[in-house]
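Every heavy atom of this structure was used, including side-chain atoms; hydrogens, water molecules and symmetry mates were not. Letters A, B, ... are given to chains in the order of the sequence lines, protein chains preceding strands, and every chain is numbered from 1.
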Amino acid sequence: MLALGHVVIERELARKGLIPVLLFACLLIWVAALSIGGVDISWTEVIAILSGTEKGSLQQTILWEIRFPRVVLSLIAGAGLGVCGAAMQAIFRNPLADPGLIGVSSGAALGAVTVIVLGNTLFTDFTSTFGLYAVPIGAFLGCLAVCNFIYRLSGFSGQFTVISLLLAGIAVNAIVGAFIGVLTLISNDQELRDLTFWSMGSLAGNHWALVLPSLIAIVIAIIGLYRLSQPLNLYLLGEAQAKHLGLNVNALKKRVFILTALCIGAAVAVTGMIGFVGFVVPHLIRLIVGTDHRYLMPGSMLLGALLLTASDLLARTIILPAEVPIGLITSALGGPFFLIMLMKTYKNMAK
Amino acid sequence: MLYNFSVKPFILVLSLLGLSLSNTSNANSEDMRIVVSGGSITEIIYALGEQDKIVGVDSTSIYPIEAKQKAQVGYVRRIGSEGVLSLQPTLLLGEADTGPPKVLAQLQQTGLANYIFNKEDNYLGIEAKIRKIASLLGVPAKGERLVSEVVRDRAALNFVLKQKQSSPKVLFILSMRSGQPIVAGQETSANDIITAVQATNVANQLQGWKAISTEAVLEMNPDVILMMSRHGNDPTVNIANQIHFKFTNAVKNQRVYSYDGTYLLGMNPRTPKAVIEVAKQLYPEVNLPSDYSLAAINMASK
């Protein structure tokens, strides 16, 4: 499937070592992300606060109310983006596939933009009724609606083929793009600013009540996708072969579709657009462990969490006391990093 | 009201007790650490001479120029919660559009004292805004002094407007986005200014800031075009060369004027002076009161 799959590292060793190494790195970045920020909280203080011995200080409020939910969100959303990317690339059997293909990103954007622009006019009081939840709810519903539409379109002929899914996805994405364009046109200056920022993503300002529903949905989707590792391995042999091996290929595709929509929808709803993580993470893991989904899935999960948390750490500290939208960081760092990895791989292959 | 501050009566009591004690109260209010999100608030605090209390500003706080030296907390609609808290503020003062809402909610949850102005602060609300800020800072007397200046400006404006003999049609252009002018309709700060000088906004059938076709400009045929300049660029030359503007009365009679955005539209203590300047340009026939001079005014359009 992938020319990238040939690597010099001893595969068996890599497979065994990768997960513990990534887990340890995640743990490190978790502590680092909790301790570094606008207000410095030392490691010892972090431990003191987490164990409940320090109470009532500003540091405690910041850690519990601001940083902790944010770091948990970045870990889990990152894991979700990574896993969904791996699952999508498997279903399309194409390394260029990205969750955006099934309409998650455009759908969420349409929902969010609709709420931002029409929240108080067309849908009377939607924004004032749901308050802070208005945009996330809009994004989530938009995502589900557009995904559902693509799902039905691609299953229209009775078969749920990759090609029908791909074509329906491209067509619907174009249509949704036009709707977003219309809404952008009628938006005023402030709404335009809001929606530009939304499309660049941010993990800021999320407290527990806001992130919890999303976290639950993402965790459910991650577990669901992880359990599909073995069937996905069979699927990679080719649809016909997988069928002969007793796999219900259509059911598998549908399941991956639904879980991905749920996962990305829930993540994007609270974070806004975060590009590149779902695309680059599975690639990097595949370079190391190959295409076996039993390793690729957990690897993508951990690296996704690691990458998003590290990016968010940068986003909120790089120009203190202001913040950079995280989407910029993931793309600006992820892009070149990915290119270097590709170059190295090709160089090694040429030898 | 989000803000509940008890220092004001405290200061009042102390000042009644005598001078020596009120010095302690000064020391107390000097401990204030304010983060400002919104250029006009920053400007008012500078005009009050209380700028030492500011520990951080947003990116719209660009006047006076020294304000840019303060720690930056980001764009007014996009401030960061940890960034603000890292400055250890005792008070957050924000314009109505301070946000994002969830960051603001988070900051309020941490117990940070804050006051967010509502949307109604416009050209007529400048005095109220000054008074509010002065009282929050515990310097009501300084506030009154600044307000009296604004009141004087408004009196001068009335004096000027009484003499006017024409009522020109005005078009306010915010910017030319790829050749398409963005103009001020109803419910914009620029419309407030045009109304204040008793002129007619030719774009008053529009709501808010809208991009219009250049042909529509021809049909509106404004007598005067007001523009916003940025960084000292003079956009008036540009406009005069645009084919569709060439045939408007404004360009034919060379009545295209540009103003610095924060000066004219900032709704800050300088705005009433800017409005008088606009009135002077719209009605060349009028005179200023004899005891009033525009000379002292910072000509921000230059």
Side-chain angles (χ1 to χ4, degrees), chain A residues 36-41 56-67 69-70 116 121 127-128 130-136 185-198 200 202-211 270 272 313 315-325, chain B residues 35 37 55-61 70-90 92 95-112 119 174-175 177 180 182-190 206-211 265:
Chain A
I36 304 168
V39 179
D40 271 322
I41 305 176
S57 65
L58 175 69
Q59 271 82 355
Q60 196 228 358
T61 328
I62 289 176
L63 194 73
W64 272 118
E65 298 297 327
I66 298 180
R67 235 175 255 175
R70 186 170 180 158
I116 291 172
T121 49
T127 304
S128 48
F130 291 100
L132 295 179
Y133 291 91
V135 174
L185 193 68
I186 61 166
S187 66
N188 68 28
D189 212 39
Q190 298 189 346
E191 289 158 356
L192 198 62
R193 287 263 192 178
D194 278 347
L195 88 227
T196 315
F197 278 121
W198 188 87
M200 290 194 287
S202 168
L203 299 179
N206 291 307
H207 52 84
W208 289 115
L210 211 55
V211 298
V270 283
L313 182 58
R316 62 189 167 87
T317 51
I318 213 167
I319 52 163
L320 265 177
E323 268 184 35
V324 189
Chain B
V35 169
S37 86
V55 290
V57 296
D58 75 310
S59 63
T60 65
S61 299
K70 304 269 185 189
Q72 294 285 325
V73 296
Y75 175 60
V76 56
R77 299 171 69 76
R78 206 73 192 175
I79 60 174
S81 41
E82 271 201 53
V84 170
L85 290 176
S86 72
L87 301 168
Q88 296 166 332
T90 56
L92 170 70
E95 221 85 79
D97 50 0
T98 298
K102 46 186 184 176
V103 167
L104 189 60
Q106 207 169 44
L107 284 169
Q108 284 161 349
Q109 252 175 17
T110 65
L112 172 63
K119 283 209 168 65
L174 182 71
S175 68
R177 187 167 59 192
Q180 215 183 5
I182 298 176
V183 304
Q186 297 276 358
E187 286 173 42
T188 56
S189 45
L206 301 171
Q207 282 286 324
W209 299 98
K210 284 277 149 59
L265 303 180

Contacts of A:D194 meeting side-chain hydrogen bond (donor to acceptor under 3.5 Å, both in side chains) (sequence neighbours excluded), chain-then-number -> B:R77

[X] versus chain A, heavy atoms under 4.5 Å apart: side chain, backbone, both or neither?
X	value
B:P100	neither
B:L87	side chain
B:E82	both

Under 4.5 Å to a heavy atom of chain B? For A:I62 that would be side chain

Under 4.5 Å to a heavy atom of chain B? For A:L210 that would be side chain

B:G83 backbone acceptor or donor facing A:R316 side chain under 3.5 Å: no

Between the CZ atom in B:R78 and the CE atom in A:M200, the distance rounded to the nearest 0.5 Å is 7.5 Å

In terms of heavy-atom contacts, B:S61 and B:D58 come closest through OG-OD1, 2.8 Å

Between A:N206 and A:V270 the two heavy atoms that sit nearest each other are ND2-O, 3.8 Å

